[in-house]
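Written below as structure tokens is the structure these notes are about.
Every chain is numbered from 1 and lettered A, B, ... according to where its sequence line falls, protein lines coming before strand lines. Just so it is clear, the model here is predicted, and its values are computed rather than measured.
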Amino acid sequence: MEGESKQASRLWRVYKTVHEMVADRGYMVSKVELEMSLDSFKQMYCSGGVVDRQKLTFLVQHSSNQDQLLIFFTEDETVGIKPIRKIADRMMNQSIMKGILIYQNKLTPSAHKVIQELAPKYQLELFQETELLVNITKHTLVPPHIILDNEAKKTLLQRYRLKETQLPRIMSNDPVARYLGLKRGQVVKITRPSETAGL
Amino acid sequence: MVKKVGPLKIIHEKFKKKQKTEEEKIFRESFQEAAELDHWLKPHIGKAQEDLNPLAVQNLLGNISNEDCEAMGLDSENARPELFIWNAFPVPPVCIRPSVGQEDSSTEDDLTILVSEIIDCNAKIQLCMEEGSQTTLLMEYWDFLQLQCAMYITSDLPGIPSHLQGNLTKIKKGFCQRLKGKQGRFRGNLSGKRVDFSGRTVISPDPNLRIDQVAVPLRVCKVLTYPEVVTPHNIERLRQNVANGPNVHPGATYITNASNGMKRFLKYGNSAKIAENLKVGDIVDRHLQDDDIVLFNRQPSLHKLSIMSHFVKVRPWRTFRFNECVCAPYNADFDGDEMNLHVPQTEEARAEAVELMGVKSNLVTPRNGEPLIAATQDFITASYLLSRKDVFYDRSQFAQICCYLQDASTHIDLPPPTIFKPVQLWTGKQIFSILLKPNKSININVNLETKCRTFGKDEKNKKTGVPFGKSKMKCGLPYDNSFCPNDGWLVIHNSEIMSGVIDKAIIGDGNKKSMFYVVNRDYGPVEAANCMNRIAKLAARWLANQGFSIGIDDVQPGEKLRAEKVKTVEKGYSDCDETIMLSKQGKLPNQAGCDEEATLEAVLSGILSKIRDDVGTVCFAELNKMNAPLIMSLCGSKGSKINVSQMVACVGQQIISGSRIPNGFGDRSLPHFPKNSKTPAAKGFVGNSFYSGLTPPEFLFHAVSGREGLVDTAVKTAETGYMSRRLMKALEDLTCHYDLSVRDSTGGMIQFKYGDDGLDPANIEGDNQPVEFTRNLKHILAVVPAKNDHCLTSAELMDLFKKQLKKKQFENCSEEFIKNLTKFIKEAIISKLDSIKGSSKFTQFLQFLKICGNKYARAIIEPGTAVGAIGAQSIGEPGTQMTLKTFHFAGVASMNITLGVPRIKEIINAAKKISTPIITTPLQSHIGGYNVKSESGHVSRTLLSAETATRVVKGRIEKTLLEDVLDYMQEIMVDNEIYLRVKVNLETIKKLQLEINIDLIKWAIVRAPKLKITDAHIKLESMNCLRVAVSRGKTDSTNIYLLLQGLKRVLPKVVIMGLSTASRAVINTVSSENRLELLVEGYGLKEVMGTDGVDGLNCKSNHVLETQATLGIEAARQTIINEIVHTMSSHGMTIDQRHVMLLSDLMSNKGEILGITRFGIAKMKDSVLMLASFEKTTDHLFEASFYGKKDKIQGVSECIIMGVPMTIGTGLFKLLQNNELTSDDKPVKKKELLFDEE
């Protein structure tokens, strides 16, 4: 059916964006996954026209430290407590601290609560599928954001004699901040194109 | 639950619960005695609740522990909650509430009256308690007392019970009212104060004054004084002043003795003797005299150029007078305008005034760097007349005109005459050469090549009919621009005018290629001002002799013009009739996105506006070359082409809110016309001219449209005024610091480098760069002699350039500047070198680079500049010039977007709901692109196939309702079934290219919100037919027929495809890039971006908040910039990028887009005084006192309120002194106060 191939192509776009996102965060992602074409995607994950979301779930390893990140896809249109618990269990079992949950439609309020309870130890980030259809960091209006390490942040603050609070801010729920998985206290360097001063 | 009852009472509903508690029992029992005495009470006891009287509340609050206070964010030391309950009644001193004495009675202040009433009421209560009168009476007094005390604080309490209202003395102003509002303490007395040493009177023009002078009437000079300290250098002059006393002009009013600080009034006493005793160090308050510095201002002060400092020229009579060139910054005319004058009272203030606010330092506006002070009106007319090709003077006449230039103060070198034989004749153009450079010692060499207002490439040769731009010389080369038949190409070479007339483009304002601007940039503002002084004198004096006037014969159309006009109008009318006929027959093809009516209107207004244009063109061709209105509109001094043709030929179509005059009279505009008439005359086309006179209907239409303009202006001024105020409050404390970063008063970083490159918008010469390379190179080539320099080859030149770039002067330049410079040198110099071998000379090239470097260095913004305030003004000020309600077309005729003040307001307010949200949606190239040439060279796709593909994507986005594809809907009631049969038109679906089938429609209905139709209710009858049964809950007892009717009403509105937020999508052809794109009206950027076939990475919405939500704060910031720039530029207004950038950086500084509204500003700033002086004064004060807030007095508003110098501009830096106290030195002891104990 036409609708199903549409589903597949949607998920393929999400799949690609997620991999790009994870790669941008410094996790190791193979080139094959980044450049997967729609056909090979269908071959791998499409069984009988329907995409098996469970199969899409994957685990990545950070390139410079021991962090692991688990990415989940859910079957249900509205995600309740149960699948969340299941995910939490898996994270606990494999002792993975970070996870990303990609849901189709929405989360129930109680599910949100469960995630908040997990929060300090197990961090589960949420994304809706529609958000990931397009990789927003590649959008013409979005300039590159680069996370500064502590050293660079210190130099920046010293160079301009600033306190942390005096820097321009970005919200933690800003789409780009969520894409990069920014945490409170991190500083990003944004290089804007400029009509007056060039890039 | 604690409840508020009435305006002031609070009760605690402790006992509302069902279960009875011990506490309640005790409470109820406490009424027993009362109930025994008054048996009426008994039935009400059950309803009694605990009354929280002030005493009880105070006890409750007092019991809050200090720790809890901290937890609630209260200051446990200075602002404990119980302190907010008054135990003592504050009575302000009498100066706060003065009594106004009249003859024998006196009127007391509102507060005094209220205080006396409160005392009175207290006395009554005391009496009641002593005498033991009725409780009801006592309670009433008590309530009344409470109310009066509340009124003491704020007099506009809501919900005062009516039984108390009767005997309540209405006072107008409580404490709150004294603080609030424009006239209140904060805005009326603290942020702005009344001043001494100021004057106000009517203004009038005087071209004989320098542009930086103001003529002050003698009698004003005698009142305004300046305290001058006596020095050995000025003692004689001041002695004379003192001797003259206060009534003779260069006199003095007061003298302050240096030794004892005594101030003496000079009106009385022996002034001669006082003058005798004048000593060095005394201070003399002397009259204003020539060349004193004063500030001159006209309201509304919309930008910094509305207050400038001038030099005084003492003159007789009663008006302030100044040079007309300075009208533009003040926006002044002389139809009765008044202006204000202030005298700075210290040398420091004078120095700052003359350097920062002087007229000469403000020749250009910081809004975009264009000149604002320039020749106007008569000066332009005179220059134009004088500089025409047919103006020749003999020696005496020419010398005479040269003498007009100035007051015999400058030597003038008479140039050689243009014509020697048979008589020596000089041209008018030579006057301007002299004006720029009167003699050899004045080294001003202007080099400029630009087009005048009259330059026309399309100007047709009268004999051949070939336009100038296309005509060729005999040798086949095109004519040089300076051969323009209108003499419209100005060439000035080393201050000598070679060709061109002097009109508005050359000496007027708002043009970076004007003569004065070039002088200003290359030789400094002093020389530019001198030139302007000369032109003012010249024009006024020359025109006074020449004469220039307008009469009735100037607007009389000639025979030919009249005939031509009648012909054009009749042709237009018949065209209109034809179109209307076509439309009636339904033969008029619809325009894209328009229905029949809209198409007809569009076509008709096209025809009608063409009538006026055509008539106008004829009119310009036919009028005499010496016709005064024609001359004025040609040279740009006053009036437009339309103004002239309205007077002479045809007034044209009258328009209300963007369309022709609407039908306000049933189905017609006036009863003079048949119903539903669409003819030009019935819809407000005025065929007559002001000269021929308007018919009564025409007159009415013209008045209607004129009225709209007036209303617009009135609304606009109020609206933009408020907008400016908000902008100013938000941006006032942003300053540029020594590292060129922009920070607010608390040190928060707004921009790391002002405008990304740290340049001053006032010093921007070219396109966002401080140097206009082409002109500067020409200037250097003309000014610097090549001498015997060796010629450079292109390689040598490049080497030299690279070496120079490494030098210090280019160290701080922005990359963009270097890039542009390199590009220019490659294109304009090196590429030409190859064709003409080695023509560039060593010194000239070095000189050019030096000038570029110097101009860049000079353009760097000065640390301390109030960039925020300037930015706010630059955005707020043009608002007044924008016509309020304007809609423009975005390529597609049927697509409107809001522009003008409403749009700017939306952006600045960060409005959630905007009137025309539009998502520009480019498509993937294999869908939207057409005529794409593949590598093999053949065209792969046609426009048609692209359009078909685009339509599919359009269907995916645009909201499609069930009714759009519906054939019919049928109610069917059979025995045990009641349902709706829905028949869908498959043909329509196919035509609309919708990817939908009956199954999807079914699911759309199931998914539709609030319908509660499930899968089970719908049956598929056939490929185009659905059967929808009525859903009905088990408990639902409503008539099933009604339910059916309800269903029938809502079902057609079900969205079966597309985004419910996208109301419309229109296909737009971007012909320059050979592609189609969609313009989606509505919200839902995220969904549109995700749609198949859409190029999601290039989608843009004009809705700032939506962009923030989908693409993040950076994209939102860019959207703000783009939208403001787009809105301004579509009104023909240029604003420097840097101002807009600063605004959007501020709005996005906190991580979310904050609007410039009271809510946004409250989030941006934390100073209470600043917020209180903005809006909601008392709310902010109450909150501040509640939380015990502190204000560090750092921002501009706070400093003004407290009367301390602010940390902006010259107050930016502080001097720190090395404190060399050694440990042996005794520490400074704190001074003991009189009332300190021990």
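- Between B:Asn1122 and A:Leu141, some side-chain heavy-atom pair lies under the 4.5 Å cut-off.
- Minimum interatomic distance between B:Leu1111 and A:Val176 (heavy atoms only, all atoms of both residues): O-CG2, 3.4 Å.
- Within the 3.5 Å criterion, the main-chain N or O of B:Lys1100 finds no donor-acceptor partner in the side chain of A:His139.
- Between atom CZ of residue B:Phe752 and atom NZ of residue A:Lys189 there is a gap of 11.0 Å, rounded to the nearest 0.5 Å.
- Within the model, atoms CD of B:Glu1152 and CG of A:Asp174 stand 10.5 Å from one another, a figure rounded to the nearest 0.5 Å.
- The distance from the OG atom of B:Ser741 to the CZ atom of A:Arg161 is 12.0 Å, given to the nearest 0.5 Å.
- Closest heavy-atom contact between A:Pro175 and B:Ala1109: CG-O, 3.0 Å.
- Between chain A and the options B:Glu1087, B:Arg743, B:Gln751, the largest number of non-hydrogen pairs under 4.5 Å is found for B:Arg743.
- With a 4.5 Å cut-off on non-hydrogen atoms, B:Asp1145 touches chain A through its side chain but not through its backbone.
- Contact annotation: the side chain of A:Arg13 approaches that of B:Asp1092 to within less than 4.5 Å [non-hydrogen atoms, C-beta and beyond].
- To the nearest 0.5 angstrom, A:Ile136 atom CD1 is 7.0 Å from B:Met1089 atom CE.
- Taking CD of B:Glu1114 as the reference point, atom OG1 of A:Thr191 lies at 9.5 Å (rounded to 0.5 Å).
- Within 6.0 Å of atom CD in A:Gln94, more than 12 heavy atoms from other residues, nucleotides or ligands are found, so the atom counts as buried in its surroundings.
- With a 4.5 Å cut-off on side-chain heavy atoms, B:Ile1113 and A:Met171 do not count as touching.
- Interface residue A:Leu162: only side-chain heavy atoms are found under 4.5 Å from chain B.
- Not one N or O on the side chain of A:Glu131 forms a donor-acceptor pair closer than 3.5 Å with the backbone of B:Lys1086.
- For the set A:Leu133, A:Thr165, A:Val142, A:Thr140, the count of heavy-atom pairs under 4.5 angstrom toward chain B peaks at A:Thr140.
- When heavy atoms are compared at a cutoff of 4.5 Å, A:Asn173 does not approach chain B at all.
- Heavy atoms closer than 4.5 Å to chain B are found in the side chain of A:Gln128, but not in its backbone.
- The CD1 atom of B:Ile750 sits 11.0 Å away from the CG atom of A:Leu167 when rounded to the nearest 0.5 Å.
- Residue contact with chain A, scored on non-hydrogen atoms closer than 4.5 Å, is absent for B:Ala1116.
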